Participant: 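Submitted below is the structure of interest, expressed as structure tokens.
Side-chain atoms are counted along with the backbone in the values below, which use heavy atoms only and exclude waters and symmetry mates. In this text, all values refer to a predicted model and were calculated from it rather than measured experimentally.
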Amino acid sequence: MAMASGRVQLVTIRQQSLDLARWRVLWIAVGFAFVALLALTRIAYLGIGGEGARATSLEDALLPSRGQIVDRNGVPMARAFPAYALWFNPKAMGEDGAPLVGTPEGVAAKLKAIFPDLDQKEVAAQLASGKAGYIRKRLLPEEANRVHELGELALEMPTEEDRHYPQGKMAAHVLGYVAADGKGRVGMEQVFDDHLSSPLTRGTPVALSIDVRVQGALEDELRRGMKLTRAQGGAGIVLDVDTGEVIALASLPEFDPNKIDAEGEKLMFNRVTNQVYELGSTFKPLTVAAAIDSGMLRDLGRDFDASPVTVGRFTIRDSHKMDPEMNAVETLIHSSNTTTARIADELGAERLRRYMIDLGMNARPEIEIPARGFPIWPGDKWPRLTNMTVGFGHSVAVTPLHLASAYAAMVNGGVYRPATLKKLGPGEAPKGRRVFKASTSSRMRQMLRAISIYGTGRSADAPGYRVGGKTGSAEKPGGKAGYRKTALVSTFAAAFPMDRPRYVVIAMLDEPRGTLASSYQRTAAWNAAPIVGRLVPRIGPLIGVLPDDTRDIDISAITPLIPEAQDEAE
């Protein structure tokens, strides 16, 4: 009987255990069903309304919020970039809770330790005000981690699409920037705003004519020249003489498109395309070219009187003592104002004016960016004195880009083409307009080369690169006498290689000072020309011009007219 009773009790326990297991499985199944029901309900809600209203298009899913800008070799210069922002949300702890765990001053001090350039007092005031707003619009991932470690829920770090310029300040005046409203400003960001923002086109990068390697070298050498002479600004350009493509364009000091502030806004003025200057003696080769091309100057050996020129109550003099007479080649080598003035006088105002118009000197420079300065132009009727002074680069003020385009026409065979910041494919270069005969262009190449060998451009003569060019040192307008004697614009306008010119290079310094580095001289021969002399060997191999000491342009036709060449021969 005892054994039977034990067996019954064991069966009962087993039955109870089995029932309990069945109930547990049932409750688990009910739990899973409930979770599945919640998920289905959520899916249904999103499908009917809720967040479904913010449907993402295929374009938005696959394309960046703004198109990419690249250089001529495909190197990114501007791109959309997901970035963290630092946002103060005073309601993060609820309507009634204190927005911060620490004090505003304490939190601001901790943020200062993460961001050394932060204005601690300004941030503390913002946190104390209880008003929502940005504290910082761009954070690196490691910075975001450090902010997160502060444990302040009110310091939110949303991820936003931002415009990023991976080259930093490089080519800032070319690129421009994107404002808070998402629109491009100042440079190519503004020019291509529709292309970069439209879903139909923003997937295709905009390719500029700029080469970032050449751009970096140009900015570096200009900056070095500014520091050596304590100049207040600099401008430079490298231009393809056959296509008009701008390979590099620099205006210094520059702004940072990644961080637009009040100081950056002051630096947005473009010295290359927007500021006009009297560029002085760099105009003398253009005057001589016009005289040769028109037929007025047929004999380069003809001597011109180099004594001062008096017109009314004004007298034109040279900056230093010259020979009593000089031919056209010597005029350029020694940069004589008086003989250039006499050449311009004989050429006549109407003819010189016509050449200057054909070179675009009377209108805004031809280029895509909106910052284009209007020249100071003498008008339709030039008095005799004005014609003479225009001949050596005064009484007319233009941008360095005007000068670059004019020199390109003078050395490329005589054809003027507008400058462009767009990369051009084979056969896309504009036809342009003829300004000089090919024979005139050939002669000017010889004379420009002679200046770099025997004249004021010797410090720009990079060995093997056959550089030719002309210096220009012009006093800036102002003061009681009309010009400020101590404030110069120093420019060197060059082309290379002169046996087959491919590029024009302009280097300009605004108000350089006489320093030990420039032998205490302020003229272009001592400050702007050396910039070109250092730059050309850096950029030549990058753009297909290798040094070659075995070749050069043949200037034997004009060396008999150059006393320095005769002295060398002896």
Participant: Does anything in residues 397-420 pair up under ring-ring contact (aromatic ring centres under 6.0 Å, His included), and if so which pairs, sequence neighbours excluded?
Facilitator: none
Participant: Does the side chain to side chain contact (heavy atoms under 4.5 Å, CB included) test come out yes or no for L249 and N270, once each step is laid out?
Facilitator: CA-CA 10 Å; L249 186 156; N270 193 328; 4.0 Å; yes
Participant: For D358, is there an ion pair with R434 - N to carboxylate O distance below 4.0 angstrom?
Facilitator: no
Participant: Determine whether a donor-acceptor pair (N or O, by modelled atom type, separation under 3.5 Å) exists between the side chain of N412 and the backbone of A408.
Facilitator: yes
Participant: Is the shortest side-chain N to carboxylate O distance from D242 to R500 below 4.0 Å?
Facilitator: yes
Participant: Mind listing the closest non-hydrogen atom pair of L352 and A290 along with its distance?
Facilitator: CD1-CB, 4.4 Å
Participant: So, does N387 use its side chain to make a donor-acceptor pair with the main chain of A344 at under 3.5 Å?
Facilitator: yes
Participant: Taking the basic N atoms (NZ, or NE/NH1/NH2) and the acidic carboxylate oxygens, is any pair closer than 4.0 Å for K259 and D117?
Facilitator: yes
Participant: Starting at CG of L218, measure out to CZ of R223 and round the result to the nearest 0.5 Å.
Facilitator: 9.5 Å
Participant: Find the distance between CD (Q215) and CD1 (I237) and round it off to the nearest 0.5 Å.
Facilitator: 10.0 Å
Participant: Return each pair, listed once, that meets side chain to side chain donor-acceptor pair (under 3.5 Å) where at least one residue sits in residues 489-499; pairs must be two or more places apart or across chains.
Facilitator: R466-D499, D499-R551
Participant: Could you tell me whether the side chain of V398 reaches within less than 4.5 Å of the side chain of L279, counting heavy atoms only?
Facilitator: yes
Participant: Quick check: does any side chain N or O of T243 sit under 3.5 Å from a backbone N or O of A429, one acting as donor and the other as acceptor?
Facilitator: no
Participant: Of all the heavy-atom pairs spanning G233 and P253, show the shortest one and how long it is.
Facilitator: CA-CD, 4.3 Å
Participant: Please check: side-chain N/O of T471 versus main-chain N/O of A524, any donor-acceptor pairing under 3.5 Å?
Facilitator: no
Participant: Measure the acute angle between the ring planes of H164 and F81, then classify it against the limits of 30° and 60° as parallel, tilted or perpendicular.
Facilitator: tilted
Participant: Would the distance check show the side chain of Y503 and the main-chain N or O of I543 forming a donor-acceptor pair, the cut-off being under 3.5 Å?
Facilitator: yes
Participant: So do the side chains of F496 and V532 get within less than 4.5 Å of each other, counting heavy atoms only?
Facilitator: no
Participant: Using the side chain to side chain contact (heavy atoms under 4.5 Å, CB included) definition, which of the options N337, T282, I343 pairs with F392?
Facilitator: N337
Participant: Is a donor on one side and an acceptor on the other found under 3.5 Å between the side chain of D510 and the backbone of Q232?
Facilitator: no
Participant: If you compare all heavy atoms of L424 against all heavy atoms of P430, which two are closest, and at what distance to 0.1 Å?
Facilitator: CD1-CD, 4.2 Å
Participant: Salt bridge check: are R185 and E265 linked by an N-O gap of less than 4.0 Å?
Facilitator: no
Participant: Does some side-chain heavy atom of R449 sit less than 4.5 Å from a side-chain heavy atom of D461?
Facilitator: yes
Participant: Looking at R224 and D220, is there a salt bridge between them, counting it only when a charged N and a carboxylate O are closer than 4.0 Å?
Facilitator: no
Participant: Please report the shortest heavy-atom distance between R502 and G544, naming the atom on each side.
Facilitator: NH1-O, 3.0 Å
Participant: Does the side chain to side chain contact (heavy atoms under 4.5 Å, CB included) test come out yes or no for R513 and T229, once each step is laid out?
Facilitator: CA-CA 5 Å; R513 299 182 184 182; T229 61; 5.7 Å; no
Participant: Is any side-chain heavy atom of I292 closer than 4.5 Å to one of K437?
Facilitator: no
Participant: Heavy atoms only: give me the nearest P501-V241 pair and the separation to one decimal.
Facilitator: O-CG2, 3.3 Å
Participant: Say you draw a straight line from CZ of R79 to CG of D162; how long is it, rounded to the nearest 0.5 Å?
Facilitator: 13.0 Å
Participant: Is there a donor-acceptor contact under 3.5 Å linking the side chains of K183 and S197?
Facilitator: no
Participant: To the nearest 0.5 Å, tell me how far L421 CG sits from I367 CD1.
Facilitator: 4.0 Å
Participant: Starting at OG of S518, measure out to CG of L228 and round the result to the nearest 0.5 Å.
Facilitator: 8.5 Å
Participant: Does the distance from a Lys or Arg side-chain N to an Asp or Glu carboxylate O, for K266 and D261, drop under 4.0 Å?
Facilitator: no
Participant: Any ion pair linking E143 and R136 (charged N to carboxylate O, less than 4.0 Å)?
Facilitator: no
Participant: Check whether S335 reaches the backbone of L332 with its side chain - one donor and one acceptor, N or O, closer than 3.5 Å.
Facilitator: no
Participant: When you measure from the side chain of T287 to the backbone of G391, do you find a donor-acceptor pair of N or O atoms at a distance under 3.5 Å?
Facilitator: yes
Participant: Within a strict 4.5 Å, meaning less than it, do heavy atoms of the M388 and F314 side chains meet?
Facilitator: no
Participant: Can you give me the closest heavy-atom contact between G182 and D193, atom names plus distance?
Facilitator: O-OD1, 4.2 Å
Participant: Less than 4.5 Å apart, side chain to side chain, heavy atoms only: is that true for L208 and M188?
Facilitator: yes
Participant: Going through the checks in order, is the side chain to side chain contact (heavy atoms under 4.5 Å, CB included) test met by R445 and L448?
Facilitator: CA-CA 5 Å; R445 293 198 291 269; L448 290 171; 5.9 Å; no
Participant: Between E221 and R534, does any side-chain N to carboxylate O distance fall below 4.0 Å?
Facilitator: yes
Participant: Do K169 and E219 meet the salt-bridge criterion of a basic N to acidic O distance under 4.0 Å?
Facilitator: no
Participant: With a 4.5 Å heavy-atom cut-off, do Y177 and M268 have their side chains touching?
Facilitator: yes
Participant: Tell me yes or no: between the side chains of E122 and Q126, is some donor less than 3.5 Å from an acceptor?
Facilitator: no
Participant: Indicate whether any N or O donor in one side chain lies under 3.5 Å from an N or O acceptor in the other, for S281 and K284.
Facilitator: yes
Participant: What residue pairs, at least two apart or across chains, pass ring-ring contact (aromatic ring centres under 6.0 Å, His included) with a residue in residues 349-378?
Facilitator: Y355-F436, W377-W382
Participant: When you measure from the side chain of S294 to the backbone of A291, do you find a donor-acceptor pair of N or O atoms at a distance under 3.5 Å?
Facilitator: yes
Participant: Salt bridge check, D71 against R213: does any charged N sit closer than 4.0 Å to a carboxylate O?
Facilitator: no
Participant: How many angstroms lie between CD1 in I369 and CG in N274, if you round to the nearest 0.5 Å?
Facilitator: 8.5 Å
Participant: Does any N or O in the side chain of T420 come within less than 3.5 Å of the main-chain N or O of E245, such that one atom is a donor and the other an acceptor?
Facilitator: no
Participant: Taking the side chain as everything from C-beta on, heavy atoms only, tell me whether T273 gets closer than 4.5 Å to T399.
Facilitator: no
Participant: Ring centres under 6.0 Å, that's the criterion: do F269 and H173 meet it?
Facilitator: no
Participant: Evaluate side chain to side chain contact (heavy atoms under 4.5 Å, CB included) for K476 paired with V489, printing each intermediate quantity in order.
Facilitator: CA-CA 7 Å; K476 296 179 75 172; V489 173; 3.6 Å; yes
